[in-house]
**Student:** 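Sending over a structure as structure tokens; questions will come in a sec.
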Protein chains: 2
Amino acid sequence: MKKLKEKSVPLRTRGKRGPRPRNSVTLKMVAREAGVSASTASRIINRTVNVSDELRLAVEAAIAKFNFRPNAAARGLALGKTLTIGVISQAMDSPFYGEGLRGIEQRLQQRGYAPLFMSGNWQEKEEIRCMEELINRGVDGIIMFAGCLGDAALKAYARKVPIVVTGRLLRAKGLVSMQVDDRLGANLAMRHLLDLGHRRIAFVAGFENHPDANERLAGYRSALAAAGIAFDPQLVNAGDFHEEGGMRAVYQLMDSNINFTAMFCVNDQTAYGACLALFRKGMRVPDDVSVIGFDDLPSSTYRVPPLTSVRQSVQHLGVCSAEAILELIAGRKPQITLPPVELVVRESTGRAAR
Amino acid sequence: MKKLKEKSVPLRTRGKRGPRPRNSVTLKMVAREAGVSASTASRIINRTVNVSDELRLAVEAAIAKFNFRPNAAARGLALGKTLTIGVISQAMDSPFYGEGLRGIEQRLQQRGYAPLFMSGNWQEKEEIRCMEELINRGVDGIIMFAGCLGDAALKAYARKVPIVVTGRLLRAKGLVSMQVDDRLGANLAMRHLLDLGHRRIAFVAGFENHPDANERLAGYRSALAAAGIAFDPQLVNAGDFHEEGGMRAVYQLMDSNINFTAMFCVNDQTAYGACLALFRKGMRVPDDVSVIGFDDLPSSTYRVPPLTSVRQSVQHLGVCSAEAILELIAGRKPQITLPPVELVVRESTGRAAR
DNA sequence: CCGGTTTCTGCAACCGGTTTCAGGGATGCT
DNA sequence: AGCATCCCTGAAACCGGTTGCAGAAACCGG
């Protein structure tokens, strides 16, 4: 039975193995066509070393002829990198995240990277799942776009893969964080309302422990203090960063007969909800109540009336975070400066009524 | 100088090659820990064959101990599949696409697949770039979510990789298409306006050669015909599926002193623009002009006033297309039925004024 | 007690690239 | 001419998994 003493006989004669699902134009085929070895072809493609013009042209011709494009998985395996960046956001259909994701995609594409998006749906557990999945897939870096994962967990992950996180400030090795100046933005908004003569200004907050939300609340309070107006807790309502939260806040204020002539909302979506609730209650914006948001989403330009907001260019934030993760991967210290927040005055704010 | 006649001496003793960027827990390490070979470990992980309970437990323990997760690139290379689906849309920050993408992501995730999103920005050239890039990356299938790539090119790609395309109907091998019933939707919208007594109904169209847009226009015309109203080309204006197009249409109509009491817009974003332009012109919605959209984007619920629209559940369309691509990959014939379009009456439409 | 199955396991080929190393040819210098 | 250098190029190891094949062990009946 042991007829083969020579066990290392090559099995190449064996029939084709699995199905070959991809229409594979391989490097070898290109090399053979050009009359060179695979190594040389690879070197020409990656411009690793100089080769004679003759061979270069031959290989380039073969590539063009076959329309060859190197297999990304194989290259990723060999190089230990995938040219893919994992991006964790909360929901793709949120206008806020959509804009940021667009910025990320745009910048990454310019550098030959592709984003792999995953959504955490505002749940820490889901975010962890995303993290693990992205790491398995061998992404070269991860952008955590305004997530709710704890700082400690994030730091732990940062030891396995470069991470950029937005919406909070955090220092750790292999991690870069960036946050817009929420407090300044809130101050701009409040100063605008105060300048218009408003004194009873309501604030619709976000989730309790959300860093951005807290900073904006802090800005609200400091602006009031600077204007010599006492802080009235009745004027502050919890929201959820969505339209529903804005609506609930308005109903609550009005049902409690709390007086106010202006509302500062933690983000634009909240402001949209507030506007709708005011409309339902028969109040006109801005004649009866001024409303101001935060983020300046693209759609805010087209609201009726167009919404006054604090612009933070979420798209630009996306671009910057993409830039940062690439720098981090390259082993450099990212030196990113976010554009300043600015007030965009439109038609949802006006002089105080009384 | 030729001291080695034996050229096939293994080079394993050579120092570590490239940097090893990933925190690599490899299959081999797990296998060694469990006291088995890599093959056995692989078989246990994939449940390819039965192995003794003893070994199974040992391997499982080792996996847990190291928190091992197989490298996706390597597995993809070996298997010829990547558990990744390419998704081409036009822009991530569009509420329309955002919703669809969310549906796709949701469904794919349940099946262990991950979506790789790329945006074509409404340009055929970009879509081609996306296609090529996705194919290079070895995605197992591609979902083309309402793109503008030509039918012929699409069919050609379908021979290389399974494709699902939405927004048009197309028959080809390895390709599945799905389209909502635009004509019926347009009919529903028009019947609603006609029932409210409107006779001069403007239509804001989309791009010229866009299948969805054309179908909706056809529905507009057929509904008019059914009601015995002559088609007036003056009432039809070109749009761009965005707010700007809706605004331009309103300005054009009013500057030309063309009479109308209602507007049917090719999609919700166009309707948003129309509402804003009407507001600027001092017209009230719905008292002076009724406005109806198409898509029923989530934000339409929160417009002031809330927008009447034709619901097509873009998210569900996303879910269905994800379902279809998975079926296609599995070699089955997808049998998908889209939910019917339906009219959602809100407050932007009312009885005709005169 | 022995040959024939059946079940399990390991070796090594393979996926498609990248990269090290060594060898050959051309060139430079004495 | 002789020898060290430098530049190119190809063979083969390697990335981290999967899997065909065959050998070993366990099981079975006669």
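Hydrogens, waters and symmetry mates are skipped; everything else that's a heavy atom, side chains included, is used. Note on naming: letters A, B, ... go to the chains in the order of the sequence lines (proteins, then strands), and numbering restarts at 1 for each one.
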**Student:** Which one is paired to D/dG29, where only Watson-Crick or G-U wobble pairs with both distances under 3.5 angstrom count?
**Tutor:** C/dC2

**Student:** Provide, to the nearest angstrom, the distance between the CZ atom belonging to B/Arg69 and the P atom belonging to D/dG17.
**Tutor:** 12 Å

**Student:** Does a side-chain N or O of B/Asn71 approach OP1 or OP2 of D/dC15 to a distance below 4.0 Å, or not?
**Tutor:** no

**Student:** Nearest whole angstrom, please: distance from the C1' of D/dT19 to the CZ of B/Arg47.
**Tutor:** 18 Å

**Student:** Do A/Asp140 and A/Pro162 have side chains that approach each other closer than 4.5 Å (heavy atoms only, starting at C-beta)?
**Tutor:** no

**Student:** Distance check needed: C/dT7 C1' versus B/Arg56 CZ, whole Å only.
**Tutor:** 14 Å

**Student:** A/Ile44 CD1 to D/dT9 P: how many Å, rounded?
**Tutor:** 7 Å

**Student:** When you measure from the side chain of B/Leu79, which nucleotide among D/dT9, C/dT19, D/dT19 comes out closest?
**Tutor:** D/dT19

**Student:** Kindly point out which of C/dT18, D/dT18, C/dG16 is positioned nearest to the side chain of A/Thr26?
**Tutor:** C/dG16

**Student:** Tell which nucleotide pairs with C/dT30, taking only Watson-Crick or G-U wobble pairs whose two distances are both under 3.5 angstrom.
**Tutor:** D/dA1

**Student:** Select one nucleotide: of C/dG17, C/dG10, C/dT19, the one nearest the side-chain heavy atoms of A/Ser39.
**Tutor:** C/dT19

**Student:** Which nucleotide in the list C/dG17, D/dA11, C/dG16 gets nearest to the side chain of B/Leu77?
**Tutor:** C/dG16

**Student:** Whole angstroms only, please: what is the CE-P distance between B/Met29 and D/dG17?
**Tutor:** 10 Å

**Student:** Do A/Leu116 and B/Leu116 come close enough that some side-chain heavy atom pair is under 4.5 Å?
**Tutor:** yes

**Student:** Find the distance B/Ile45:CD1 to D/dG16:P and express it as a whole number of Å.
**Tutor:** 14 Å

**Student:** So, does A/Glu127 use its side chain to make a donor-acceptor pair with the main chain of A/Cys148 at under 3.5 Å?
**Tutor:** yes

**Student:** Does OP1 or OP2 of C/dT18 have a side-chain N or O of A/Asn46 closer than 4.0 Å?
**Tutor:** yes

**Student:** Once you round it to whole Å, what is the distance between P of C/dC11 and CG of B/Leu27?
**Tutor:** 14 Å

**Student:** Taking the nucleotide of DNA chain D with the closest heavy atom to each, which residue, A/Val49 or B/Lys28, is nearer the 5' end?
**Tutor:** A/Val49

**Student:** Would you indicate, yes or no, if D/dA11 has its OP1 or OP2 atom less than 4.0 angstrom from a side-chain nitrogen or oxygen of A/Thr40?
**Tutor:** no

**Student:** Within the modelled atom types, does a donor on one side and an acceptor on the other bring the side chain of A/Ser52 and the base of D/dC7 under 3.5 Å apart?
**Tutor:** no

**Student:** Considering only heavy atoms from C-beta outward, does the side chain of A/Met118 approach that of A/Met131 to under 4.5 Å?
**Tutor:** no

**Student:** For residues B/Glu133 and B/Arg137, determine if any side-chain heavy atom of one lies less than 4.5 Å from a side-chain heavy atom of the other.
**Tutor:** yes

**Student:** Are the side chains of A/Ile142 and A/Ile135 in touch, meaning some heavy atoms are under 4.5 Å apart?
**Tutor:** yes

**Student:** Between A/Ser42 and B/Asn50, which has a closest nucleotide on DNA chain C that is more 5'?
**Tutor:** B/Asn50

**Student:** Rounded off to whole Å, could you give me the CZ-to-C1' distance for the B/Arg75 and D/dC15 pair?
**Tutor:** 16 Å

**Student:** Can a donor-acceptor pair under 3.5 Å be found between the side-chain atoms of B/Arg43 and the base atoms of C/dT7?
**Tutor:** no

